[in-house]
Engineer: 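Got a structure for you, written out below as structure tokens; questions coming shortly.
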Amino acid sequence: MAEYNPGVIEPKWQKYWEENDFYKTDEAGKKKYYVLEMFPYPSGKLHMGHMRVYSIGDVLARFLTMRGYSVLHPMGWDAFGLPAENAAIENKVHPADGTYANIEAMKKQQKALGISYDWDREVATCSPDYYKWTQWLFLLFYKRGLAYKKKASVNWCVKCATVLANEQVENGGCWRCSEDVVVKDLEQWFLRITDYAERLLDDLKLLSGWPERVRTMQENWIGKSEGAEIEFTIVGNGGKIPVFTTRPDTLFGVTYMVLAAEHPLVDELTRGTEREAEVRAFVDKTRKLTEVDRSSTEMEKVGIFTGASCVNPVNGEEVPILVGNYVLMGYGTGAVMGVPAHDQRDFEFAKKYNLPIRVVITPKDHLLKVEEMDEAYVDDGVLVNSAEFDGLPNEEGMRAITASLEQTDRGRAKVTYRLRDWLISRQRYWGAPIPIVYCAKCGTVPVEEDSLPVELPKDVVFKQGGQSPLAAHEGFLHTVCPACDGPARRETDTMDTFICSSWYYFRYTDPHNDEQAFNREKNDAWIPVDQYIGGIEHAILHLLYSRFFTKVLHDAGMTAAVEPFTRLLAQGMVNKDGAKMSKSKGNVVSPDEIIAKYGADTGRLFILFAAPPERDLDWSDRGVEGCYRFLKRVWRLVDRYAGAVAGQNGEIGAVEPAERELRRAIHLALKKVTEDIEDRFNFNTAISAVMEAVNAAYGYMNEKEDDIDTVVMAEALNLLVLMLAPFAPHLGEEMWQRLGNADSVHQQVWPAYDPSVLLQDEVEIVVQVNGKVRGRLTIPAGLNSEEMQSLAMGDQRIVEFIDGKQIVKAIAVPGKLVNLVVR
RNA sequence: GCCGAAGUGGCGGAAUUGGCAGACGCACUUGACUCAAAAUCAAGCGAUCUCUGAUUGUGCCGGUUCGAGUCCGGCCUUCGGCACCA
């Protein structure tokens, strides 16, 4: 008897697959399926999160191939980024060398896992062949007016020595290193994602294959607010202050105005007045606060009077203008009208500074009085103290007041988003250079397409915490202007790596194209990605950016798709002992160790069996042992009968009860595995169904020993191997061969279960009395309700419960249960 | 504070349409094999009690229903996201 030896069979089959170009993608047929796992940053080492996401994708890819789909299942590298550059500073290894070495190391591990990637389509975002097209896409955005440079207050991470996009600030810290983010005024490149805010929000409707929580997170991030922009006139100079409000119905309740510290009018209104020094001190103090402090809800709301006032357009009233620490320059217009009676923040602020409070919305049943209020009234109601609008329900009041403002051009309906434009400049070396030059004569000039890529020079000096090496590289810096051939200076910022990852799934469809980013026809054959799999941490970042890119590319006529990812599976984390695996906790288990000890098939099986894919999974060494035991158990079964059943593929006619039972168990498992993979992605229950089938086969084996029906056993073993093959591809291949089959198990057609085998002559039903289980009955299959009921009532045990009682009602569910209600 | 998800044995989890709660695996107990152990095969395994049976049990309280882990109302806890967004 041969032992199960994954250390031998796994490399054997990996070699076979590789030598036979096994996972090369077919032409996209009518039934195409694009399975994609988020490509990794090449850190050099796979972790369990990687192993999990690749295992999920691989089961799908293999299963769908067997189901007759042409499957695209590629892999690549999100290869630009800070860690490589930081390593360069510390270890004196060039980021390119380090990155490519890491890629090789990780690819080796992925191959050791037996994942069915088409390596011919591999892309690395740091390769000039790839970032040429990243730069080309930047120019496309630029030409379409979607890339622009402006001076703005931006988030700066001191530790990473670069700016960050809004999406990359988490709880006031850098997403990568958690360092507190500070605000700097810098001139930077942005992509106009806000132009697409409405479509990004609207098209979430199309994403029914996404988890609801991800859609909700994106919806919240885009943060649409409908309201009005209203202009107040400054007393004295006649200037205008526009404010955004979602409550135009409360306009008559305005008793003051607050500006953000950064608002340009603050300086204008106070310059040369007696209040100048005091206001400036306040502004400076406010601006020095970190983002964390400033956005904390606990921070006290403070403000200061500017000395100026403005006029409420709706009633001509003069109200004071203040500067407040709670008004954000980046949202709305950076100015807020104060309606203390109907906004809790305004209420607290007004109490603190003794500003007047005026009720303009009152509940329908009683009149709201200021003296009785200890908090703002924010619910619906009826307008009061609002001149001709008195008596209107507030919803109607909103429309009426906005319409009235529109007529006199002092305000208008307005939609505001929380989403800001995407800041894409990075003051670092290891990224795609922004293809722009600055000419003294021509100004900002895009690099011409035929001189792309703007290549990263390799001979650069990395310094600790300093500016980007590109800015100090004379050869890179100095160039000629594409417009006038005069001397010009290159942009030295590189692009946010999230740009590179926003279009890689397009490139996989045509990875070697050196004429175009990708060919439209090849792209349309595969895109959209049918199933995308990755971590929830990208719920906003990568997934929002990719949706934005797809829409721009669609508008540019490059793709038919309006959304890139039809279905999204947000896979859970892999923990150990209830905590995230981390070096500091000492609870890290690496895929390498598992492969070495049990083989890739065991590791894959465990990671899929331990929990449904979207849930967090707790790594259990015992659980892995259990899966290893299971595979050995399958191995022994096949090993015992392989010789006896090889070639036994005759027709199965009427068979004895033991054989019928085995066939039923196998076909039942096949049905469940098929449905669990296809409809539900519940690999854990699919695997448990295979386990049950194996247990049934053991039952048959223990009963019959060597006296088995070889044709029935042949069917059982072949079906078991086919079912198991997507989960344990090496073992599947080996057993398939040992059962005497030609070709690869992975090129077989996924078997269909036989419904007639599932039919039973007799079924067990449950008999309840008053909803309580009082007995079980084996009855012929296919009886109707009346027949079931009378059989149930004739059963000795049931008679004891119903004897002498009146049967009020009886419910019979065919083939399942009878419930007798007695009194 | 707002939004979302989840609470089921000692543990991971199952129950897909309202119909036997706990599939499958782990752990544990027992039997077989063995000189013995490991491995393997087999059986048992929610709790309580007056133990061939009954009662009870899916975070808590209530409801709908012949019947609720599943549906409805109200809470509690945990996790995740957003958070002065005007």
Side-chain angles (χ1 to χ4, degrees), chain A residues 170-171 211-221 223-225 227 243-247 250 258 260 294-301 324-328 330-339 342-346 348-349 416-419 536-537 539-540 570 572-573 605-606 609-612 614-627 629-630 632-633 636 672 675-676 679-680 682 684-695 698-699 701-702 764-776 808-813 815-822:
Chain A
E170 290 171 356
N171 299 320
E212 190 188 309
R213 64 178 165 147
V214 176
R215 281 182 288 164
T216 308
M217 279 161 75
Q218 292 214 352
E219 194 180 320
N220 291 342
W221 187 262
K224 181 179 182 175
S225 291
V243 299
F244 174 73
T245 179
T246 53
R247 294 295 304 272
T250 65
V258 198
R294 220 169 150 187
S295 59
S296 158
T297 6
E298 274 103 73
M299 196 183 64
E300 200 189 0
K301 293 167 188 55
N325 66 348
Y326 70 96
V327 179
L328 307 171
Y331 184 79
T333 61
V336 175
M337 63 186 210
V339 188
H342 305 293
D343 180 283
Q344 189 56 27
R345 283 162 308 172
D346 294 352
E348 287 162 23
F349 195 77
T416 295
Y417 300 92
R418 213 189 70 110
L419 181 73
I536 188 74
E537 67 274 18
I540 292 169
M573 290 194 304
L605 194 75
F606 169 74
F609 178 62
E614 67 281 1
R615 212 175 316 176
D616 286 352
L617 173 157
D618 207 64
W619 187 268
S620 148
D621 293 332
R622 299 270 196 193
V624 180
E625 291 273 357
C627 287
R629 262 203 301 264
F630 168 69
K632 286 192 289 188
R633 195 168 152 86
R636 281 193 302 271
K672 187 156 172 59
E675 290 168 357
D676 281 354
D679 310 336
R680 304 203 308 161
N682 278 15
N684 56 331
T685 52
I687 292 167
S688 74
V690 182
M691 289 173 168
E692 284 181 82
V694 170
N695 290 344
Y698 263 74
M701 173 177 81
N702 289 325
E764 190 184 64
I765 62 158
V766 166
V767 183
Q768 297 180 331
V769 178
N770 289 343
K772 286 193 168 134
V773 179
R774 294 302 182 188
R776 283 154 222 277
V808 187
K809 194 171 180 179
I811 294 101
V813 182
K816 279 195 176 153
L817 122 170
V818 173
N819 186 14
L820 304 168
V821 186
V822 301

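Lettering follows sequence order; numbering is per chain, from 1.
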Engineer: From C-beta outward on A:N684, which listed nucleotide comes closest to its side chain: B:rG19, B:rA86, B:rG13?
Structural biologist: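 The answer is B:rG13, which lies nearest to the side chain.
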
Engineer: Could you please name the option among B:rG25, B:rA23, B:rA14 that lies closest to any side-chain atom of A:S688?
Structural biologist: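 Of B:rG25, B:rA23, B:rA14, B:rA23 is nearest to the side chain of A:S688.
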
Engineer: Please determine, for B:rU16, whether a Watson-Crick or G-U wobble partner exists with both distances under 3.5 Å, and give it or none.
Structural biologist: none

Engineer: Side chain of A:R774 only, please: which of B:rA15, B:rA54, B:rC41 is the nearest?
Structural biologist: B:rA54

Engineer: Between A:N702 and A:T685, name the one whose nearest nucleotide on RNA chain B is closer to the 5' end.
Structural biologist: A:T685

Engineer: Is A:N682 reaching over with its side chain to a backbone N or O of A:T685, donor-acceptor style, under 3.5 angstrom?
Structural biologist: no

Engineer: Is the phosphate of B:rA15, meaning OP1 or OP2, less than 4.0 Å from a side-chain N or O of A:R680?
Structural biologist: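 Affirmative; the distance criterion is met.
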
Engineer: Strictly below 4.0 Å: does A:R213 bring a side-chain N or O up to OP1 or OP2 of B:rG81?
Structural biologist: no

Engineer: In the structure shown, which nucleotide is the Watson-Crick or G-U wobble counterpart of B:rG69, with both distances under 3.5 Å?
Structural biologist: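 Here B:rG69 is not engaged in any pair, so there is no nucleotide opposite it.
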
Engineer: Looking only at atom types and distance, does a side-chain atom of A:D616 sit under 3.5 Å from a main-chain N or O of A:M573, one as donor and one as acceptor?
Structural biologist: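 Side chain of A:D616 to backbone of A:M573, a donor-acceptor pair under 3.5 Å: yes, one is there.
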
Engineer: Give one of base, sugar-phosphate or nothing for A:V813, where a contact means two heavy atoms less than 4.0 Å apart.
Structural biologist: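 Counting heavy atoms under 4.0 Å across all strands, the contact made by A:V813 includes a base.
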
Engineer: Could you work out the separation of B:rC71 and B:rG19 based on their P atoms and round it to a whole Å?
Structural biologist: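 Straight-line distance between the two P atoms is 11 Å.
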
Engineer: When you measure from the side-chain N and O atoms of A:R636 to the phosphate of B:rC41, is any distance below 4.0 Å, counting only OP1 and OP2?
Structural biologist: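 Yes, within the criterion.
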
Engineer: Hunt down the Watson-Crick or G-U wobble partner of B:rG44, both distances under 3.5 Å, from any strand shown, or write none.
Structural biologist: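 Pair assignment: B:rG44 / B:rC28.
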
Engineer: Go through it in stages, so that I can follow the logic: the residues are A:F244 and A:T246, the test is side chain to side chain contact (heavy atoms under 4.5 Å, CB included), and I'd like the CA-CA distance, side-chain angles, deciding distance and then a yes or no.
Structural biologist: CA-CA 7 Å; A:F244 174 73; A:T246 53; 4.0 Å; yes

Engineer: What's the closest nucleotide to the A:V773 side chain, out of B:rA21, B:rA86, B:rC82?
Structural biologist: B:rA21

Engineer: Between A:L817 and A:I765, does a side chain to side chain contact (heavy atoms under 4.5 Å, CB included) hold up when you go through it step by step?
Structural biologist: CA-CA 5 Å; A:L817 122 170; A:I765 62 158; 5.6 Å; no

Engineer: To the nearest Å, how far apart are A:D618 CG and B:rG13 P?
Structural biologist: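 Nearest whole value for this atom pair: 8 Å.
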
Engineer: Does OP1 or OP2 of B:rC26 have a side-chain N or O of A:R629 closer than 4.0 Å?
Structural biologist: yes

Engineer: By the 4.0 Å heavy-atom rule, please label A:D676 as base, sugar-phosphate, or nothing.
Structural biologist: base

Engineer: Does B:rC11 fall in syn (glycosidic angle within 90° of 0) or anti?
Structural biologist: anti

Engineer: Between A:Y698 and B:rC41, does any side-chain N or O lie under 4.0 Å from OP1 or OP2?
Structural biologist: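 Checking A:Y698 against B:rC41: at least one side-chain N or O falls below 4.0 Å of OP1 or OP2.
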
Engineer: Report the nucleotide, chosen from B:rC82, B:rG25, B:rA86, that has the shortest atom-to-atom distance to any side-chain atom of A:T246.
Structural biologist: B:rA86

Engineer: Mind checking who B:rA36 pairs with, Watson-Crick or G-U wobble, both distances under 3.5 Å?
Structural biologist: none

Engineer: Assign A:E212 to base, sugar-phosphate, or nothing according to its heavy-atom contacts below 4.0 angstrom with the strands shown.
Structural biologist: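 Sugar-phosphate, no base atom in range.
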
Engineer: Quick one: A:W619 CH2 to B:rG12 C1', roughly how many Å, whole number?
Structural biologist: 13 Å

Engineer: List the steps and the verdict of side chain to side chain contact (heavy atoms under 4.5 Å, CB included) for A:R345 and A:V336.
Structural biologist: CA-CA 11 Å; A:R345 283 162 308 172; A:V336 175; over 6 Å; no

Engineer: Hey, does A:K672 reach any base, or is it just sugar-phosphate, or nothing, if we go heavy atoms under 4.0 Å?
Structural biologist: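 Counting heavy atoms under 4.0 Å across all strands, the contact made by A:K672 includes a base.
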
Engineer: Over all strands shown, is A:R215 touching base, sugar-phosphate only, or nothing at heavy-atom distances under 4.0 angstrom?
Structural biologist: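 Since no nucleic acid heavy atom lies under 4.0 Å of A:R215, the category is nothing.
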
Engineer: Tell me if B:rG44 is syn or anti. Syn = glycosidic torsion within 90° of 0, anti otherwise.
Structural biologist: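 With its glycosidic angle more than 90° from zero, B:rG44 counts as anti.
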
Engineer: Give a yes/no on whether any side-chain N or O of A:R633 is located under 4.0 angstrom from OP1 or OP2 of B:rC41.
Structural biologist: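 Yes, because at least one side-chain N or O of A:R633 sits under 4.0 Å from OP1 or OP2 of B:rC41.
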
Engineer: Students often get this wrong, so: under 4.0 angstrom with heavy atoms, is A:G626 touching a base, only sugar-phosphate, or nothing?
Structural biologist: sugar-phosphate

Engineer: Could you give the distance separating B:rA14 and B:rU58 at their C1' atoms, to the nearest angstrom?
Structural biologist: 12 Å

Engineer: Among the candidates B:rA42, B:rC24, B:rA21, find the nucleotide nearest to the side-chain atoms of A:E692.
Structural biologist: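 Selected nucleotide: B:rC24.
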
Engineer: Once you apply the 3.5 Å cut-off to both distances, tell me the Watson-Crick or G-U wobble partner of B:rC75, or none.
Structural biologist: B:rG59

Engineer: Between B:rC11 and B:rA23, how far is it from one P atom to the other, in whole Å?
Structural biologist: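 Roughly 15 Å separates the two P atoms.
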
Engineer: Taking the P atom of each, how far is B:rA86 from B:rA5, in whole Å?
Structural biologist: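 Looking at atom P only, B:rA86 and B:rA5 are 23 Å apart.
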
Engineer: Pick base, sugar-phosphate or nothing for A:P612, based on heavy-atom distances below 4.0 Å to the nucleic acid.
Structural biologist: sugar-phosphate

Engineer: For B:rC85, does OP1 or OP2 lie under 4.0 Å from any side-chain N or O of A:R345?
Structural biologist: yes

Engineer: Please state how far atom CG in A:N220 lies from atom P in B:rA83, giving the value in whole angstrom units.
Structural biologist: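 Rounding to the nearest Å, CG of A:N220 and P of B:rA83 are 9 Å apart.
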
Engineer: Sub-3.5 Å donor-acceptor pair from the side chain of A:N819 to the main-chain atoms of A:G771, do we have one?
Structural biologist: yes

Engineer: Any strand counts, and the cut-off is 3.5 Å on both contacts for Watson-Crick or G-U wobble. Which nucleotide pairs with B:rG1?
Structural biologist: B:rC82

Engineer: Atom CD of A:E614 and atom C1' of B:rG81: how far apart are they, to the nearest Å?
Structural biologist: 18 Å

Engineer: Over how many whole Å does the gap from A:L328 atom CG to B:rC85 atom C1' extend?
Structural biologist: 7 Å

Engineer: A:K809 has a side chain; which of B:rU40, B:rC66, B:rG13 sits nearest to it?
Structural biologist: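 Of B:rU40, B:rC66, B:rG13, B:rC66 is nearest to the side chain of A:K809.
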
Engineer: Between A:F609 (CZ) and B:rG12 (C1'), how many Å, whole number?
Structural biologist: 8 Å

Engineer: Can a side chain N or O of A:K772 be found less than 4.0 Å away from OP1 or OP2 on B:rU56?
Structural biologist: yes

Engineer: Which base sits across from B:rG53 as a Watson-Crick or G-U pair, both distances under 3.5 Å?
Structural biologist: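 With both distances under 3.5 Å, B:rG53 matches B:rC49.
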
Engineer: With a cut-off of less than 4.0 Å, is there a side-chain N or O of A:N695 near OP1 or OP2 of B:rA23?
Structural biologist: no

Engineer: Which whole number of Å gives the distance between the C1' atom of B:rG7 and that of B:rG12?
Structural biologist: 15 Å

Engineer: Report yes if the distance between the aromatic ring centroids of A:F349 and A:Y326 is under 6.0 Å, otherwise no.
Structural biologist: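 Between A:F349 and A:Y326, the centre distance is under 6.0 Å.
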
Engineer: Would you measure the distance from the P atom in B:rA43 across to the matching atom in B:rC24 and give it in whole Å?
Structural biologist: 11 Å

Engineer: Could you check A:V694 against A:R633 for side chain to side chain contact (heavy atoms under 4.5 Å, CB included), going step by step and ending with a plain yes or no?
Structural biologist: CA-CA 8 Å; A:V694 170; A:R633 195 168 152 86; 4.3 Å; yes

Engineer: Within this structure, what is the CZ-to-C1' distance between A:R622 and B:rG13, rounded to whole angstrom?
Structural biologist: 18 Å

Engineer: Expressed in angstrom and rounded to an integer, what is the separation of A:I811 atom CD1 from B:rA68 atom C1'?
Structural biologist: 14 Å

Engineer: Taking only the side-chain heavy atoms of A:K301 (C-beta and beyond), determine which of B:rC84, B:rG19, B:rC24 contains the nearest atom.
Structural biologist: B:rC84

Engineer: Answer yes or no: is there a side-chain heavy-atom contact under 4.5 Å between A:T250 and A:M337?
Structural biologist: yes

Engineer: Hey, does the side chain of A:N325 come within less than 4.0 Å of B:rC84's phosphate (OP1/OP2), counting only N and O?
Structural biologist: no

Engineer: Do A:R774 and A:L820 come close enough that some side-chain heavy atom pair is under 4.5 Å?
Structural biologist: no

